[in-house]
Amino acid sequence: KLDFVNTYAVTGSASVTLSGEKTISGRPFNAGDSFTFELYEANGSYAIGATPKATADMNASTHKYEFVLNYGVSDVGNTYYYVIKEQNAGQTINGLTYSTKEYNIKVEVIDNSGIVDTVVTVVDGTAEDKLDFVNTYAVTGSVNVTLSGEKTISGRPFNPGESFTF
């Protein structure tokens, strides 16, 4: 009697890249502009804790950011929930109002014919590489300017009752 025993094992790893681009409405990027994005672990309702799992800075040349998440065999069968938002969300600093946009992301780690794989869903349907943020710049406040001057006449004196309007 011959017995054949087949074994099945999932192997490998998978990574997910979540990325986007930063734009500013109302002004161009200035030298020294820097923006930071935060990735939070969340529950199935997308409630987050106070501390981000990771942060990513905008690339000053491309105005893009990215998070790379890695998964292994032990993650197969698990679902992970994340929220990405911009640091300073909703605040206005030096005329720049930071985006309040939040992206809710679900990552399912699956067995794809023996290989670790992922299924990524951004709740609002946005592509995982188009998680963009737009800040708005507006000039606020006012400036009072007082102008004064002196009228002179060259070649003759002022005549009594003479007036000038400017």
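The figures that follow rest on heavy atoms only: side chains count, while hydrogens, waters and symmetry mates do not.
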Query raised in the report: Does D132 pair with K64 as a salt bridge, N-O distance under 4.0 Å?
Result: no

Requested in this report: Determine, step by step, whether N144 and T146 satisfy the side-chain contact (heavy atoms from CB on, under 4.5 Å) criterion, reporting the C-alpha distance in whole Å, the side-chain angles of both residues, the deciding distance to 0.1 Å, and the verdict.
Outcome: CA-CA 7 Å; N144 291 325; T146 302; 5.8 Å; no

Report task. Please name all residues satisfying side-chain contact (heavy atoms from CB on, under 4.5 Å) with T36, sequence neighbours left out, ordered by chain then number. Result -> T55, D57, Q87

Query raised in the report: What pairs with T118 under side-chain contact (heavy atoms from CB on, under 4.5 Å), at least two apart in sequence or on another chain?
Result: A14, V16, Y71, V107, V109, V120

Requested in this report: Output all residues satisfying side chain to side chain donor-acceptor pair (under 3.5 Å) with T97, sequence neighbours left out; order by chain, then residue number.
Outcome: T92

Query raised in the report: Partners of A127 by side-chain contact (heavy atoms from CB on, under 4.5 Å), sequence neighbours excluded?
Result: D129, K130

Requested in this report: Could you tell me which residues satisfy salt bridge (charged side-chain N to carboxylate O under 4.0 Å, His left out) with K53, sequence neighbours excluded, listed by chain and number?
Outcome: E41

Report summary line: Sorted by chain and residue number, the side-chain contact (heavy atoms from CB on, under 4.5 Å) partners of S61 (sequence neighbours excluded) come out as N59

Report task. With the side chain counted from C-beta on, respond yes when L18 and I84 share a heavy-atom pair under 4.5 Å apart, and no when they do not. Result -> yes

Query raised in the report: Hey, what else clusters with I48 if you join Ile, Leu, Val, Met, Phe, Trp, Tyr whenever side-chain heavy atoms sit under 4.5 Å?
Result: Y40, Y46, Y81, V83, V123

Query raised in the report: According to the ring pair (Phe, Tyr, Trp, His ring centres under 6.0 Å) rule, which pairs have a member within residues 89-127, sequence neighbours left out?
Result: F35-Y98, Y103-F133

Query raised in the report: Roughly how far apart are L69 CG and E66 CD, rounded to 0.5 Å?
Result: 10.5 Å

**Report entry** Test applied, side chain to side chain contact (heavy atoms under 4.5 Å, CB included); reference residue, Y82; option that passes from V122, L39, N104
**Finding:** L39

Report task. Determine, stepwise, if the pair I24 / F29 fulfils side-chain contact (heavy atoms from CB on, under 4.5 Å). Result -> CA-CA 7 Å; I24 298 174; F29 281 91; 3.8 Å; yes

Query raised in the report: Got a second to check how far L131's CG is from F37's CZ, nearest 0.5 Å?
Result: 10.5 Å

Report task. Would you give the length of the straight line joining atom CG of D75 to atom CG of N70, rounded to the nearest 0.5 angstrom? Result -> 9.5 Å

Report task. For residues 5-14, pull every pair meeting side-chain hydrogen bond (donor to acceptor under 3.5 Å, both in side chains), keeping only residues two or more places apart or in separate chains. Result -> Y8-D111

Query raised in the report: What residues, two or more places apart in sequence or in another chain, satisfy side chain to side chain donor-acceptor pair (under 3.5 Å) together with T79?
Result: none

Query raised in the report: So among E21, K22, E86, which one has a side chain to side chain contact (heavy atoms under 4.5 Å, CB included) with M58?
Result: K22

Requested in this report: Just grab all the ring pair (Phe, Tyr, Trp, His ring centres under 6.0 Å) pairs involving residues 110-132, residues at least two apart or on different chains.
Outcome: none

Report task. Check which hydrophobic residues are tied to I110 through side-chain heavy-atom contacts below 4.5 Å, counting indirect links as well, and list them. Result -> V119

**Report entry** Exceeds 12 heavy-atom contacts within 6.0 angstrom, atom CG of N94
**Finding:** no

Report summary line: When every non-hydrogen atom of V73 is compared with those of V10, the smallest separation belongs to CG2-O, 3.4 Å

